[in-house]
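Structure first, then comments.
Quick note: numbers below take in every heavy atom, side chains included, and nothing from hydrogens, waters or symmetry partners. The model shown is predicted, which means the values in this text are computed figures rather than measured ones.
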Amino acid sequence: MNKIILKGQTSFVPSHIFECGQAFRWKKLDDEAYRFIFRDMVLEARSIDDSIEILGDFSDKNEILNYFDLNTDYDAIKAKLSLNDEILTKAISFGGGMRILKQDPFETYISFIISANNQIKNIKNTIKKLSQMYGKKLNNPFDDEEYYAFPTQLELSNAKPEDIKEYARAGFRSERIVIASKMVQEGIINFDELKEKNIDDIRKTLLEVPGIGEKVFQCILLFGLGRTDSFPVDVWVKRVMEELYYGGEERNKKLIQEDGLRRFGDLSGYAQQYLFYYMRENFKKMKKEEKNVDNK
DNA sequence: GACCAGGCAAAGT
DNA sequence: ACTTTGCATGGT
């Protein structure tokens, strides 16, 4: 077992990182202790006192550090976004330990096709099942629970949509998953090439894929291609923007996306994540309180 | 049992 | 170009 110890981190809170909706292959073990899968490794990240520990069987520490985006100065980003913006100041004081993970483009691409009109809980479950069905078994250095790698483009392009529907419970997204995988396998979609292009060209290519619209495209940009000049507008971001920035007035998603990019520029992706987490967690808290009142 | 979930695609204006 | 409708599934 190998271990990384990080000290003096001002922006590294495991719960903020894993529960902000960017990644789906993780499990909460305890407060600020998470198990997660990165490439072919089962790893754990924990916050202990004022240090962060990352555990697992890995050989290259830099790979792990890069995954957690450790070369980016989040203090500078947070300072810039907080300036003249009371809403983001609040959101950042709530979830300022968030970091944008540098995830695999193919995994991100398939995961967010699955996310369409779905719940995070179901998305996680479908991805877990897909991995069990088609991915290779991984070494788990922690206990006897079985984990599987996210399937490769080849493994998923050979999958049968009916099987995905039946066992992974992906519903109408099942066929899209296989077609999208085949398009990567055939070279129609090439992530290394896409990384070199401008956003409008990337959009043109990715919107050809069934299951990818503007929102899923923005998520692939942000989480898979590392483009932080992106602003995915889902139901939560729509809600938080309307409630906190537009005084309760409704706006369509296209306008909200344009406005987000205009306000936050190259930092739009970070702003979006702080806002998403802030809105969703506070909504969950409200629900819980309602429940407690009902029980009295 | 209606309504919602990190929307998309197709049909209708 | 903008707006509505159907879509699998699981949770509340």
Side-chain angles (χ1 to χ4, degrees), chain A residues 16-26 91 95 98 100-101 103 107-130 160-180 183 203-225 227-228 230-243 250-258 260 268-295:
Chain A
H16 300 175
I17 294 171
F18 291 107
E19 313 239 14
C20 70
Q22 62 176 322
F24 304 104
R25 306 211 66 201
W26 50 266
M98 187 279 303
I100 295 183
L101 297 169
Q103 302 187 69
E107 179 172 338
T108 309
Y109 166 86
I110 297 296
S111 296
F112 281 92
I113 287 174
I114 294 169
S115 80
N117 197 27
N118 207 341
Q119 301 188 155
I120 290 179
K121 195 169 182 181
N122 292 340
I123 301 166
K124 288 180 68 172
N125 188 249
T126 290
I127 293 172
K128 187 179 189 177
K129 291 275 170 57
L130 269 187
K160 288 201 178 115
E162 315 87 78
D163 292 340
I164 294 178
K165 197 169 194 170
E166 186 174 356
Y167 297 109
R169 316 301 291 163
F172 61 85
R173 309 164 193 89
S174 304
E175 182 127 36
R176 297 173 180 176
I177 294 169
V178 177
I179 295 173
M183 288 176 76
R203 176 186 287 111
K204 212 169 170 185
T205 305
L206 285 179
L207 288 192
E208 297 289 318
V209 181
I212 300 184
E214 185 63 28
K215 189 272 172 180
V216 170
F217 160 65
Q218 294 284 328
C219 287
I220 297 168
L221 271 183
L222 179 56
F223 304 125
L225 302 178
R227 294 293 294 260
T228 58
S230 55
F231 197 74
V233 180
D234 65 356
V235 290
W236 295 103
V237 174
K238 185 172 190 295
R239 216 169 270 160
V240 72
M241 293 297 281
E242 287 171 347
E243 279 189 24
E250 280 198 36
R251 306 248 171 121
N252 71 44
K253 292 173 103 182
K254 194 182 173 190
L255 281 176
I256 296 173
Q257 184 183 306
E258 286 167 1
S268 296
Y270 302 102
Q272 193 271 4
Q273 283 301 98
Y274 292 126
L275 292 170
F276 176 91
Y277 183 70
Y278 180 57
M279 188 67 194
R280 190 159 172 272
E281 292 300 310
N282 281 297
F283 184 80
K284 280 200 277 188
K285 206 189 288 173
M286 272 171 47
K287 280 281 181 189
K288 222 174 182 180
E289 281 162 10
E290 276 176 27
K291 220 176 180 180
N292 290 339
V293 172
D294 288 346
N295 290 341

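For A:R169, a side-chain nitrogen or oxygen approaches OP1 or OP2 of C:dG10 to under 4.0 Å. Proximity of A:K215 to the phosphate of B:dC8: no side-chain N or O atom is located under 4.0 Å from OP1 or OP2.
A:I120 places its CD1 atom 13 Å from the C1' atom of B:dC4, with the value rounded to the nearest Å. Protein atom CD of A:E214 is 15 Å distant from nucleotide atom C1' of C:dA1, rounded to whole Å. Atom CG in A:N122 sits roughly 11 Å away from atom C1' in B:dC4 (whole-Å rounding). If you measure from atom NZ of A:K129 to atom P of C:dA8, you get 19 Å, rounded to the nearest angstrom. For the pair A:K253 NZ and B:dC8 P, the computed distance is 6 Å after rounding to whole Å. If you take CG of A:N252 and C1' of C:dT4, they are 14 Å apart, rounded to a whole angstrom. In this structure, the CD1 atom of A:I179 is 16 Å from the P atom of B:dC8, given to the nearest Å. When the P atom of B:dC8 is taken as reference, atom CD1 of A:I113 falls 10 Å away, rounded to whole Å.
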Listed pairs, N/O of protein and of nucleotides 10-13 of chain B, under 3.5 Å:
none

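Taking each heavy atom of A:Y277 and A:E19 in turn, the nearest pair found is CD1-O, 3.5 Å.
Nucleic acid contact class of A:R173 (heavy atoms, under 4.0 Å, all strands): base. Among the heavy atoms of the strands, none lies under 4.0 Å from A:E175. Contact annotation for A:V240: no contact, since no heavy-atom pair falls under 4.0 Å across all strands. No engagement by A:I123 is indicated, since no non-hydrogen atom pair under 4.0 Å with the nucleic acid exists. If you check every strand for non-hydrogen atoms under 4.0 Å, A:G21 touches a base.
Here the straight-line distance linking atom CG of A:N122 with atom CD1 of A:I114 works out to 11.0 Å at 0.5 Å rounding. Rounding to the nearest 0.5 Å gives a distance of 9.5 Å between OG of A:S230 and OH of A:Y270.
Among B:dA5, C:dT3, B:dC8, the nucleotide with an atom closest to any side-chain atom of A:V216 is B:dC8. Residue A:N117 places its side chain closer to C:dC7 than to any other of C:dG10, C:dC7, B:dC8. Comparing B:dA5, B:dC8, C:dC2 by their closest approach to the side chain of A:K254 singles out C:dC2. Comparing atom distances between the A:R239 side chain and each of C:dT3, B:dA5, C:dG10 picks out B:dA5 as nearest.
For A:E175 (side chain) and A:P161 (main-chain N/O), no donor-acceptor pair under 3.5 Å exists by modelled atom type. No side-chain donor-acceptor contact under 3.5 Å links A:Q22 to the backbone of A:I100. Formation of a donor-acceptor pair under 3.5 Å by the A:R173 side chain with backbone atoms of A:A116 is found in this model.
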Derivation of the side-chain contact (heavy atoms from CB on, under 4.5 Å) call for A:S115 and A:K215: CA-CA 10 Å; A:S115 80; A:K215 189 272 172 180; 4.2 Å; yes

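Within 3.5 Å, no donor on the side chain of A:Q119 pairs with an acceptor on the base of C:dG11, nor the reverse.
One P atom belongs to B:dA11, the other to C:dA8, and the distance between them is 15 Å to the nearest Å.
Residues A:P232 and A:G211 each lie close to DNA chain B; by heavy-atom proximity, the contact nearer the 5' end of the strand is made by A:P232.
Side-chain contact of A:E214 with A:Q257: a donor-acceptor pair under 3.5 Å is present, judged by distance alone.
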